[in-house]
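Below is one structure, written out as structure tokens; the observations come after it.
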Protein chains: 2
Amino acid sequence: MTTREQVSAPCPIGRAVGLLGERWTLLILRNANLGTTRFDAFRSELGIADNILSNRLARMVDAGLLARVPYRDGGRPRHEYRLTAAGADVLPVLHALAAWGQEHTKPGEPSAPMQVIHRACDHATAPSDICDHCGEPIRREDELWLRPWRSAEPFPLAEPVA
Amino acid sequence: MTTREQVSAPCPIGRAVGLLGERWTLLILRNANLGTTRFDAFRSELGIADNILSNRLARMVDAGLLARVPYRDGGRPRHEYRLTAAGADVLPVLHALAAWGQEHTKPGEPSAPMQVIHRACDHATAPSDICDHCGEPIRREDELWLRPWRSAEPFPLAEPVA
DNA sequence: CCTCATAACTTGCAATATGCAAGCCCTCGA
DNA sequence: TCGAGGGCTTGCATATTGCAAGTTATGAGG
């Protein structure tokens with residue numbers, strides 16, 4: 001059974017793994033949630049080979065995780081890969097992975113931990129769907145990611161396309 | 001970069017994907033959380049090839065997700081693979097995947113959805129860390145999985161080893 | 001108008017990972 | 001002593017990934 005044959009399994013975990021569990025897919029979604037939209041931005045951020053990236057983006061578009069939308073860059077026609085609602089809804093999976101990774105693994109180089117900033121209460125919390133300061137569910141628009149190994153500034157999440 | 005080189009990435013999501021994102025690993029953990037412990041039970045439940053299963057189990061033991069514990073089966077020495085605390089802590093990832101899969105994918109054959117039964121309030125909820133009936137966090141011991149395509153009876157989660 | 005640069009791919013081929021089938025080892029129960 | 005598992009390992013075929021080079025389209029600069 002290949003990973004993609006899992007997509008019609010009776011178990012929703014199996015189906016989710018069938019779509020999200022291929023190599024690179026979750027990392028592409030992580031970066032897409034942080035605002036990356038262009039082919040070579042994904043390539044340089046992830047260090048993925050072009051043919052694989054091309055293949056994954058196409059499959060993710062087919063699966064409805066990303067939308068390929070044309071736009072103009074100074075007159076030139078280009079296209080970018082924007083999150084769909086299904087792609088944005090992977091956020092809780094990313095939270096759970098981040099929390100697990102933080103709890104059970106160590107980075108090669110020590111660094112300050114990833115945190116989520118909840119704009120509604122202006123406090124930092126561990127990656128989660130729920131603010132551990134105010135106890136409220138964190139709405140996507142109120143969520144910023146602080147990843148100190150990349151930047152001292154917290155980063156807002158990308159908005160999905162309609 | 002191979003999946004396993006990700007394990008020392010600065011990003012906790014990258015590290016988690018490095019350990020959990022290999023093919024079969026999350027499915028093995030799903031079944032281990034449902035109580036599967038033996039080589040050929042995993043094999044027959046998952047339909048995974050023996051050499052791959054052997055390889056994955058060994059890596060998961062190295063990674064501290066499972067513990068290989070000897071036991072006696074009617075006098076015969078055997079060993080089983082039991083969840084560690086780190087393996088049990090993957091539960092929120094499984095919840096998030098189940099919820100996403102239920103929301104955004106369809107099974108090949110229609111069937112009733114997976115539900116979590118919260119013993120503390122005796123109500124069914126969608127797969128989640130929090131009961132959507134009583135609003136309380138669901139403790140592992142109070143959680144049963146109802147997967148109607150497998151059995152009409154809800155199933156308790158396996159206890160991790162100390 | 002010609003050249004160059006760039007984004008976004010595609011193609012060819014080598015290296016890994018996965019799958020299938022067969023075989024091995026150990027122990028118990030008959 | 002023999003046979004039947006469980007729990008692997010080994011060999012070989014297929015599929016997936018990675019790297020490097022080539023392709024296409026467009027627009028900016030000369």
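Within every chain, numbering begins at 1; the chains are lettered A, B, ... in the order of the sequence lines, protein sequences first and strands thereafter.
Looking at the side chain of B/A49, the nearest of the listed nucleotides D/dG6, C/dC20, C/dA8 is C/dC20. Here D/dC8 is the nucleotide among D/dC8, C/dC9, D/dT17 with the atom lying nearest to any side-chain atom of B/R43. The listed nucleotides are C/dA17, C/dC9, D/dG7; the one nearest the side chain of B/F39 is D/dG7.
Contact of B/N51 with C/dC20 (side chain to base): a donor-acceptor pair of N or O atoms is detected under 3.5 Å.
Atom CE of B/M60 is separated from atom CD1 of B/I28 by 5.0 Å, given to the nearest 0.5 angstrom.
Rounded to an integer number of Å, the gap from B/R23 CZ to D/dA15 P is 12 Å. Here the C1' atom of nucleotide C/dC9 and the CG atom of A/D40 are 11 Å apart, to the nearest Å. Here D/dT24 presents its P atom at 16 Å from NE2 of A/H79, a figure rounded to the nearest Å. To the nearest angstrom, C1' of C/dT10 lies 13 Å from CG of A/L53.
Residue contacts shown for B/D50 include a base, since a base heavy atom lies under 4.0 Å away. Nucleic acid contact class of A/Y81 (heavy atoms, under 4.0 Å, all strands): sugar-phosphate only.
Checked by atom type and distance alone, the side chain of A/R15 pairs as donor or acceptor with a backbone atom of A/A9 at under 3.5 Å.
With sequence neighbours excluded, no residue forms a side chain to side chain donor-acceptor pair (under 3.5 Å) with A/R30.
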Audit row: A/R59, A/D62, salt bridge (Lys or Arg N to Asp or Glu O under 4.0 Å) steps and yes/no: CA-CA 5 Å; A/R59 266 222 266 282; A/D62 284 353; over 6 Å; no
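Between A/N55 and B/E80, it is B/E80 whose nearest contact on DNA chain D lies nearer the 5' terminus.
OP1 or OP2 of C/dT10 sits under 4.0 Å from a side-chain N or O of A/S54.
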